[in-house]
Amino acid sequence: MSNHTMPSTEATLIDKCMKAWRFLYRRGFIEGFGHISARIPGTDTYMLTRHSLGRIITPDDMLVYDTSGKQIGGKGDKPGEAPIHHEIYKSRPDVMSIVHYHGMHATAFTTTQAHTLKPIHLMGTLFADGLPIYDDPRLVSTTERGVALARALGPHRAALMRAHGSVVTGGDVEECVTGAFFLEENAHRAYLACTLGQPVWMDDAEAKAAAAELIRSRGPIRRVWAMVEIEGVE
């Protein structure tokens with residue numbers, strides 16, 4: 001590995017990613033599958049959890065990449081679906097963190113024609129701008145598939161991956177983890193509503209107005225991150 005020097009801002013970001021990893025792992029989001037990454041502010045680099053990572057995570061488990069895809073920090077192999085992160089960061093300069101996971105409830109809505117996942121709960125309005133579906137169920141293990149996924153995601157906060165999982169983005173690690181948390185919670189609530197009968201989805205205008213308030217206040221983000229701070233310690 002090269003002599004990559006870790007500035008204090010990068011060390012802080014690694015600490016956030018480690019806490020986020022433990023939080024998501026303990027809650028079953030990324031148990032065995034999934035990864036999290038974060039763009040390093042002010043640079044053309046980003047960090048990504050290594051392949052085959054369990055609950056125990058150390059700073060060396062965060063791999064650091066430059067814009068050419070060259071690994072310049074960390075130990076271990078990159079995830080097989082690293083192109084998810086490479087290509088979204090290339091196409092979305094506003095994205096500062098990405099989570100990919102195989103959530104059961106959100107993914108279920110990609111395997112039925114009966115219902116399309118939309119906001120059904122207040123916190124689900126974070127996705128009021130839509131949840132596009134990437135239609136290829138295969139692993140995003142090539143540049144071509146990474147580009148296609150980034151194109152399907154477009155300007156949205158998240159995308160569902162048919163018969164596979166989800167990808168969630170955020171303006172920082174806190175926002176990204178919050179998005180993953182509420183995407184799955186909204187999908188779980190929607191699933192329950194569908195089993196009870198005809199689901200009552202939130203009105204589009206109502207959902208967008210509610211989302212604007214939540215994002216402006218960052219209240220939900222602070223609350224979820226408070227849980228991360230408690231649950232994400234070793």
Side-chain angles (χ1 to χ4, degrees), residues 9 11-31 34-41 47 49 55 57 62 88 92 94-109 117-131 153 155-160 165-193 199-234:
T9 53
T12 298
L13 196 58
I14 286 177
D15 182 63
K16 287 184 178 182
C17 286
M18 290 170 60
K19 288 177 178 176
W21 176 265
R22 296 183 191 117
F23 173 79
L24 293 173
Y25 194 97
R26 285 169 170 156
R27 286 178 170 264
F29 280 72
I30 49 179
E31 188 176 9
H35 18 91
I36 184 170
S37 68
R39 195 194 299 264
I40 301 173
M47 58 183 63
T49 48
R55 184 184 63 80
I57 181 172
M62 296 301 303
I88 290 177
R92 290 279 301 275
D94 60 308
V95 169
M96 297 300 287
S97 185
I98 300 167
V99 169
H100 168 56
Y101 73 103
H102 295 176
M104 182 176 295
H105 293 96
T107 306
F109 281 88
L117 183 59
K118 296 187 294 183
I120 203 166
H121 177 253
L122 172 61
M123 298 305 173
T125 63
L126 290 174
F127 306 97
D129 66 338
L131 284 166
L153 173 67
H156 302 282
R157 180 180 297 275
L160 305 180
S166 305
V167 62
V168 184
T169 69
D172 51 34
V173 175
E174 296 92 326
E175 183 180 329
C176 187
V177 173
T178 298
F181 181 82
F182 284 130
L183 175 61
E184 198 60 26
E185 183 186 78
N186 183 76
H188 193 176
R189 290 174 183 270
Y191 162 78
L192 292 173
V200 180
W201 306 104
M202 294 190 71
D203 175 78
D204 288 348
E206 179 182 50
K208 289 178 180 179
E213 285 187 1
L214 295 178
I215 294 169
R216 185 168 57 249
S217 72
R218 284 183 67 88
I221 298 171
R222 289 195 300 271
R223 289 188 175 217
V224 170
W225 194 253
M227 292 191 293
V228 173
E229 291 281 7
I230 294 171
E231 300 178 28
V233 297
E234 188 53 64

Worksheet entry | Heavy-atom side-chain contact between Val200 and Ile120 under 4.5 Å | no
Discussion item. A side-chain contact here means heavy atoms from C-beta on lying under 4.5 Å apart; do Met47 and Ile40 qualify?
Written reply: yes
Fill in: Residues, nucleotides or ligands: over 12 heavy atoms within 6.0 Å of Tyr191 OH
no
Discussion item. Is the shortest side-chain heavy-atom distance between Leu24 and Tyr101 below 4.5 Å?
Written reply: no
Worksheet item: Mind checking whether Phe109 and Leu131 have side chains closer than 4.5 Å, heavy atoms only?
Response: no
Discussion item. Tell me whether Glu175 is salt-bridged to Arg218, with the criterion being a basic N under 4.0 Å from an acidic carboxylate O.
Written reply: yes
Worksheet item: Between Phe29 and Phe181, how do the two ring planes meet: parallel, tilted or perpendicular, split at 30° and 60°?
Response: parallel
Worksheet item: Closest approach of Gly179 and Phe127, non-hydrogen atoms and distance?
Response: O-CZ, 3.2 Å
Worksheet item: Backbone N or O of Val95 within a donor-acceptor pair of the Arg39 side chain at under 3.5 Å?
Response: yes
Worksheet item: Looking at NZ of Lys16 and CD of Glu174, how far apart are the two atoms once the value is rounded to the nearest 0.5 Å?
Response: 3.5 Å
Practice prompt. Would you give the length of the straight line joining atom CE of Met96 to atom OG of Ser37, rounded to the nearest 0.5 angstrom?
Written response: 10.5 Å
Worksheet entry | Main-chain N/O of Ser97 paired to Asp172 side chain as donor or acceptor, under 3.5 Å | no
Practice prompt. Answer yes or no: is there a donor N or O on one side and an acceptor on the other, between the side chain of Thr107 and the main chain of Met104, under 3.5 Å?
Written response: no
Fill in: Between CD1 on residue Ile57 and NZ on residue Lys19, distance to nearest 0.5 Å
12.5 Å
Worksheet entry | Separation of Glu229 CD from Arg222 CZ (nearest 0.5 Å) | 14.0 Å
Discussion item. I'd like to check Trp21 versus Thr49 (side-chain heavy atoms, cut-off strictly below 4.5 Å). Are they in contact?
Written reply: yes
Discussion item. Can you confirm whether Arg157 sits close enough to Ile215 that some side-chain heavy atom of one is under 4.5 Å from a side-chain heavy atom of the other?
Written reply: yes
Item to complete: Indicate yes or no for a side-chain donor-acceptor contact from His156 to the backbone of Asp129 under 3.5 Å, with no hydrogens or angles considered.
Response: yes
Item to complete: State, to 0.1 Å, how close Ile36 and Cys17 come at their nearest heavy-atom pair, and which atoms those are.
Response: CG2-O, 4.4 Å
Worksheet item: Taking atom CG of Leu183 and atom OG1 of Thr178, what is their separation to the nearest 0.5 Å?
Response: 12.0 Å
Fill in: Cationic N near anionic O, under 4.0 Å, Arg27 to Glu184
no
Item to complete: Nearest 0.5 Å please: distance from the CG atom of Leu214 over to the OG1 atom of Thr125.
Response: 4.5 Å
Response to the item:
On a heavy-atom basis, the closest approach of Phe182 and Val224 is CE1-CG2, 3.6 Å
Worksheet item: Would the number of heavy atoms belonging to other residues, nucleotides or ligands and lying under 6.0 Å from CZ of Arg223 be above 12?
Response: no
Worksheet item: How close do Leu153 and Ala158 get, heavy atom to heavy atom, and via which atoms?
Response: CD1-C, 3.5 Å
Worksheet item: Got a salt bridge between Asp204 and Lys208, using NZ or NE/NH1/NH2 to carboxylate O under 4.0 Å?
Response: no
Worksheet item: Would you find a donor on one side and an acceptor on the other, under 3.5 Å apart, between the side chain of Asp94 and the backbone of Gly171?
Response: no
Discussion item. Do Leu126 and Asn186 make a side-chain contact, defined as non-hydrogen atoms from C-beta onward lying under 4.5 Å apart?
Written reply: no
Discussion item. Using every non-hydrogen atom in the two residues, find where Ala207 and Met202 come nearest and quote the distance to one decimal.
Written reply: CB-CB, 4.3 Å
Discussion item. Can you confirm whether Glu185 sits close enough to Arg189 that some side-chain heavy atom of one is under 4.5 Å from a side-chain heavy atom of the other?
Written reply: yes
Response to the item:
Tightest non-hydrogen contact, residues Ala20 and Val177, listed as CB-CG2, 3.5 Å
Worksheet entry | His100 side chain vs Ser166 backbone, donor-acceptor pair below 3.5 Å | yes
